[in-house]
Each structure stands twice: as structure tokens, then as C-alpha cells.
Amino acid sequence: MNSYDYRPITFEKHVFPQSVMGIDILEHAIPNLSGATADWVWRFPICCGTVKSCKPELCISSSKELIDGMLEYRSNVLSEISDRIESDVHPDQIYQEWIFALQSIQNIALGLSEICQWSAPLHPDDAIQTPEDLQRQISILDKIASGDLKPRITD
């Protein structure tokens, strides 16, 4: 598991294994997820270099639905892990890490009243490291959107 694509996620000061960064594949591995849960699990790992948050009720309900789905569709989840996550770690171990993370999210969120927060660290190879980097990227995108700058397309 490479350290660029898979980073440890910290949820309310509880650090999860880097495999949890791949948990968004559950959106495809578990059929018939509610829209709220599918959206939550897809967005959960999009937290590198920033703090994400939502209401505890959403963390609780999404974690519960995902755990139930993982148990019901275990073989499908294991197959997706095996097919989509390059790792020396066995899919069963990743599965167990995800179950533990979701149970932890559920338990931690039960004790919160306002918001749940989580984040993952920046990587030295990330293009945006500082607020200045972000402003530079936004400026470039604004120029492209206004037609003042043409994007360079390479093969």
C-alpha cells in the first residue's frame, strides 16, 4: 500500500490504518446503499490536508449501514478489496480494519453533539502544500475558465 494514495485518517483524534483511505470502494461493493451513505463513504477519504466534518447522526447512520452491508455482502467486499487495492496486506485484514474503523466512528459519534471531524495528512508530493499554492491553482483555473489561458493537453 503506497503512502501517497493511502494515508492514515484521523477521526476525532483516533488514527485509523491507511487502508481506510480506500473505504470508498464500498459505494460499489455494497448494493442498494442509501444516497446519504453512498455520498458519505465516497467523500470520507477526500480529506488530505484539510479537515472535513458532518453531523454525528450522519456518521452513525452511515457507519451502521456500511457495517451491515459489509457483513451481508462480505464476499463481494473482499473481492473488490482484492481487485482494487494494491497491497501486501491480505483483503481479510483490510476488511477487519474497515469494520473496526466504522465501529469506532459509530461509537465516537455517539458521544458527540455538534459535529464529527476527520482529516488525513498532506504528502510531500502533493501539488498544493500551502494556502499560496491553493491560490495559485485557483488563479490558473480562473484564467482557463475565462478563456485567458488555454489548457495544455498532452498524451
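Numbers for residues simply follow the sequence, beginning at 1. Keep in mind the model is a prediction, meaning the values are calculated, not measured. Below, each value reflects all heavy atoms present in this structure, side chains not excepted, and no hydrogens, waters or symmetry copies.
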Checking Ser19 against Val89 for the side-chain contact (heavy atoms from CB on, under 4.5 Å) test, could you report, in this order, the C-alpha distance in whole Å, the side-chain angles of both residues, the deciding distance, and whether it holds?
CA-CA 9 Å; Ser19 73; Val89 178; over 6 Å; no

Taking only residues at least two apart or on different chains, which pairs with a member in residues 130-150 satisfy ring-ring contact (aromatic ring centres under 6.0 Å, His included)?
none

Rounded at 0.5 Å granularity, tell me how far [atom1] in [X] sits from [atom2] in [Y].
| X | Y | atom1 | atom2 | value |
| --- | --- | --- | --- | --- |
| Ile105 | Leu58 | CD1 | CG | 11.0 Å |
| Glu57 | Ser113 | CD | OG | 9.0 Å |
| Arg84 | Ile25 | CZ | CD1 | 5.5 Å |
| Glu97 | Gln93 | CD | CD | 4.5 Å |
| Gln96 | His90 | CD | NE2 | 11.5 Å |
| Tyr95 | Leu26 | OH | CG | 9.5 Å |

Mark yes or no for whether [X], through its side chain, and [Y], through its backbone, hold a donor-acceptor pair below 3.5 Å.
| X | Y | answer |
| --- | --- | --- |
| Lys64 | Gln106 | no |
| Ser104 | Phe100 | yes |
| Glu12 | Ile108 | no |
| Asn107 | Gln103 | yes |

Taking every non-hydrogen atom, the tightest pair across [X] and [Y]:
| X | Y | value |
| --- | --- | --- |
| Pro91 | Leu78 | O-CD2, 3.5 Å |
| Val41 | Pro45 | O-CD, 3.3 Å |
| Gln117 | Ser53 | CG-CB, 3.9 Å |
| Thr50 | Ser119 | O-CB, 3.0 Å |
| Arg7 | Met21 | O-CE, 3.5 Å |
| Lys52 | Ile46 | CE-O, 3.0 Å |

Check the angle between the aromatic planes of Phe11 and Trp118 and answer parallel, tilted or perpendicular using the 30° and 60° thresholds.
parallel

Are [X] and [Y] side-chain neighbours, meaning at least one heavy-atom pair lies under 4.5 Å?
| X | Y | value |
| --- | --- | --- |
| Ser139 | Lys143 | yes |
| Ile81 | Asp92 | no |
| Ile23 | Leu102 | yes |
| Val77 | Glu72 | no |
| Asp5 | Glu86 | no |
| Ser63 | Trp40 | yes |

Give the cluster check for [X] versus [Y]: same hydrophobic cluster or not, with ILVMFWY residues linked at side-chain heavy-atom distances below 4.5 Å.
| X | Y | answer |
| --- | --- | --- |
| Ile30 | Ile85 | yes |
| Val20 | Ile60 | no |
| Phe16 | Leu122 | no |

Might you work through the side-chain contact (heavy atoms from CB on, under 4.5 Å) test for Asp142 and Asp148, ending with a clear yes or no?
CA-CA 9 Å; Asp142 286 344; Asp148 292 340; over 6 Å; no

Taking it one step at a time, do Ile99 and Ile67 satisfy side-chain contact (heavy atoms from CB on, under 4.5 Å)?
CA-CA 6 Å; Ile99 290 282; Ile67 291 168; 4.3 Å; yes

